[in-house]
> 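This is the structure I have questions about; it appears just below.
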There are 2 protein chains.
Amino acid sequence: MDISEINDAAPTSVEEFRERLTEVIDDLPRRLRQCAEYIAANTDRIAVSTVAELAAGADVPPSALMRFCQILGFSGFSEMQRLFRGAYAPGWPDYATRLTNLKQGGAGSPSALLGEFIEAGRASLEALASSVDEASLHQAVEILAKAETIHVVGLRRAFPVACYLAYVFEKMSVPAMLHDGVGKLDHRFALRPGDALLAITFAPYSEETIALAQDAHDRRLPVVALTDRVSGPLAKSAQSVLTVPEVDFGAFRSLSATIAMAITLAVAVGSARG
Amino acid sequence: MDISEINDAAPTSVEEFRERLTEVIDDLPRRLRQCAEYIAANTDRIAVSTVAELAAGADVPPSALMRFCQILGFSGFSEMQRLFRGAYAPGWPDYATRLTNLKQGGAGSPSALLGEFIEAGRASLEALASSVDEASLHQAVEILAKAETIHVVGLRRAFPVACYLAYVFEKMSVPAMLHDGVGKLDHRFALRPGDALLAITFAPYSEETIALAQDAHDRRLPVVALTDRVSGPLAKSAQSVLTVPEVDFGAFRSLSATIAMAITLAVAVGSARG
DNA sequence: AAATTTTTAGAATTTTTATTCCATTTTTCG
DNA sequence: CGAAAAATGGAATAAAAATTCTAAAAATTT
């Protein structure tokens, strides 16, 4: 490795670190690449490991890891570790303590339940952050932004989400219609050419929602699905399928991730329409 | 400190550690208590700090911290740290990075929005964990568990929550009635002696909800409020006020914390009724 | 294929960090 | 109040970890 390739400015944030890593990883000699690959896959352990431990994990001698740190711009391992030890200040401080206390209230107690549901919600949100398909999201926004009237359908457990969407669309002056199934009336003929359908359903999937989506699809209207599996029953009628990984506790789901996704859709569509 | 009080079995999990900590914290001499308090408030930093750093933070000499570790049952600081370094497997290897990536999609892009809403949701849940008033929660569950029929009211942005509650009550075979304001009908006379009202509203508070709560209160029916401030307009009509600290992004709220609280109520009430 | 450069491994060294020990202070109890 | 016990601070020591250095091995170039 040529000395001129060494960017001597050390990364000052975890993101910069990752950028730098992807930047150099391809033209690194064998041992150093081993380091880079192991580190890329175990970035989170830098803060709590020693050189020897990481080196053992990467299956290289400690000195190789030292050289690796220096190539990344750090003076040595300690400096690199300092970055990660500093950056590590996540939600823990009070939260974890309280959560433990809540759960200690005894199994079945309201506090313990609350602790569980909070955790389920948080896990769902985190999973959503790491699993979202940006392309589908983008496509969904485009479809809905182009539509004249947006029809929203979601029943049973998905109904709250549909309601919230209807509320936000209203607030943003987006023409939207909520299909709520009141009086078992279905308003399928309210879908006019130029409209789009946003269908929300989770296992066990609601018949009416699937039927409405199918109907819209048959009439060549674009359908966006918000559901739990790419291959669910909405897959064949929808142009764009958004999946949310919702973590259940007991028989109930938190809806956190679903609502985050829903509100994002609504706001993005609202602003795209100007 | 008497030697016999020293439980020489070192904690083997973070939970055990916390239990042990609360167990001993009260009968500890001054310096050691300082350690205990600092450690309790900064548990998350044990994995990434040195004795000297923690001691400085707690404002005690390093040797005090060492004695503290030993009182907890560890052979020394290193052994204690090992516990936390092992347990340290937080959500951020993937989550935090992804979140940053999402936000980098550019201000106003769907991904960036999603990132913001995810964060707002997470923050809300964490705040809920540390702010919940267990006594009120317990009281609320008791009130609702004793009621014959539970009436649920929540309009506008609170409507999704009310719907979800109605759904969960239904699933748990709890007699509940959702006051949805369809057709501007109010069903205030559906509230019978022995019933209870669960009223949900957030600023700007919905007139109808406040009025119904007031009405119920006037007729001596118990009211549980789910709202955003203890001193909100429901304060005087409600027996039990549950507050949820919801973090907004832009003009929109995540509802995560509210839903977590709602579902907890519903499930706790459902099981209390057996 | 020889010469040059780069890369590597591991031992030696330096630095940092943890731990112990004991003289001194504070607290407790008769 | 005074003696005994417990707690404390800090210096001394031991252990662990980081870092450097060099001879040998690979890789590259001519």
Side-chain angles (χ1 to χ4, degrees), chain A residues 1-8 10 17 24-39 42 45-86 88, chain B residues 1-8 10 17 24-39 42 45-86 88:
Chain A
M1 159 140 298
D2 186 336
I3 198 79
S4 69
E5 285 181 48
I6 297 181
N7 177 350
D8 54 355
F17 175 87
V24 299
I25 200 165
D26 287 322
D27 32 45
L28 238 37
R30 182 166 139 268
R31 282 281 114 110
L32 292 180
R33 174 165 328 159
Q34 256 175 273
C35 294
E37 271 160 12
Y38 182 79
I39 289 292
N42 299 75
R45 299 227 58 92
I46 298 175
V48 295
S49 305
T50 64
V51 175
E53 284 164 357
L54 290 175
D59 199 28
V60 300
S63 55
L65 212 116
M66 290 302 299
R67 275 180 296 129
F68 170 76
C69 297
Q70 286 160 358
I71 279 173
L72 253 44
F74 300 101
S75 70
F77 175 76
S78 297
E79 194 181 309
M80 180 170 107
Q81 190 176 54
R82 192 150 36 237
L83 171 65
F84 288 91
R85 288 193 167 176
Y88 169 65
Chain B
M1 161 139 297
D2 186 334
I3 199 79
S4 70
E5 286 182 45
I6 297 181
N7 176 351
D8 54 354
F17 175 87
V24 299
I25 199 165
D26 287 321
D27 32 43
L28 236 39
R30 182 166 138 270
R31 281 284 112 112
L32 292 181
R33 177 169 320 165
Q34 254 175 275
C35 294
E37 271 160 12
Y38 182 80
I39 289 292
N42 298 75
R45 299 229 56 93
I46 297 175
V48 296
S49 305
T50 63
V51 174
E53 284 164 357
L54 290 174
D59 199 28
V60 300
S63 53
L65 213 117
M66 288 302 299
R67 272 178 295 130
F68 170 77
C69 297
Q70 286 160 359
I71 279 173
L72 253 46
F74 299 102
S75 70
F77 175 75
S78 297
E79 193 181 309
M80 180 168 107
Q81 191 176 54
R82 193 152 34 239
L83 172 64
F84 287 91
R85 288 193 166 176
Y88 169 89

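Here is how names work: the chains are called A, B, and so on, in the same order as the sequence lines, proteins then strands, and each is numbered from 1. If you're wondering where the values come from, they're calculated on a predicted model, not measured in any experiment.
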> By side chain to side chain donor-acceptor pair (under 3.5 Å), which residues pair with Gln81(A), not counting sequence neighbours?
none
> May I have the distance from Met80(A) (atom CE) to dT19(D) (atom P), rounded to whole angstrom?
10 Å
> Verify whether one side chain among Arg67(B) and Gln70(B) offers a donor that lies under 3.5 Å from an acceptor in the other.
no
> Which of the following nucleotides, dT8(D), dA17(D), dA18(C), is nearest to the side chain of Met66(B)?
dA18(C)
> To the nearest Å, give me how far apart CD1 (Ile46(A)) and C1' (dA17(D)) are.
17 Å
> Determine, step by step, whether Phe17(A) and Met80(A) satisfy the side chain to side chain contact (heavy atoms under 4.5 Å, CB included) criterion, reporting the C-alpha distance in whole Å, the side-chain angles of both residues, the deciding distance to 0.1 Å, and the verdict.
CA-CA 9 Å; Phe17(A) 175 87; Met80(A) 180 170 107; 3.9 Å; yes
> Would you please confirm or rule out a distance under 4.0 Å between OP1 or OP2 of dA17(D) and any side-chain N or O of Gln81(A)?
no
> Does any N or O donor sit under 3.5 Å from an N or O acceptor when you compare the side chain of Ser63(A) with the base of dA9(C)?
yes
> Is Gln70(B) close enough to dT19(C) that one of its side-chain N or O atoms is under 4.0 Å from OP1 or OP2 there?
no
> Write down the distance between CZ (Phe74(A)) and P (dT19(D)), rounded to a whole number of angstrom.
12 Å
> Nearest whole Å is fine: how far is dG10(C) P from Asp59(A) CG?
11 Å
> Using five base pairs at each end, measure the axis-to-axis angle across the helix from dA1(C)-dT30(D) to dG30(C)-dC1(D) and round it to 10 degrees.
30°
> If you only use heavy atoms from C-beta on, which nucleotide in dA7(D), dT19(C), dT7(C) is closest to the side chain of Arg67(A)?
dT7(C)
> Using heavy atoms to find the nearest nucleotide of DNA chain C for Phe77(B) and Arg31(A) separately, return the residue whose nucleotide is more 5′.
Arg31(A)
> Would you find a donor on one side and an acceptor on the other, under 3.5 Å apart, between the side chain of Arg45(A) and the backbone of Arg85(B)?
yes
> Kindly write out the residues that satisfy side-chain contact (heavy atoms from CB on, under 4.5 Å) with Ala55(B), not counting sequence neighbours, or none if the list is empty.
Val60(B), Pro62(B), Leu65(B)
> Check the pair Gln34(A), Arg31(A) against side chain to side chain contact (heavy atoms under 4.5 Å, CB included), reporting the backbone distance first and the verdict last.
CA-CA 5 Å; Gln34(A) 256 175 273; Arg31(A) 282 281 114 110; 3.0 Å; yes
> Which distance, rounded to the nearest 0.5 Å, do you find between the CG of Leu32(B) and the CG of Leu72(B)?
10.0 Å
> Find the distance Leu65(A):CG to dA9(C):C1' and express it as a whole number of Å.
14 Å
> Once you round it to whole Å, what is the distance between C1' of dT6(C) and CZ of Phe68(A)?
18 Å
> Write down the distance between CG (Asp27(B)) and C1' (dT27(C)), rounded to a whole number of angstrom.
16 Å
> Could you please name the option among dT20(C), dT8(C), dT8(D) that lies closest to any side-chain atom of Arg30(A)?
dT8(C)
> Using whole Å, what does the distance between atom C1' of nucleotide dT19(C) and atom CD of Glu79(B) come to?
13 Å
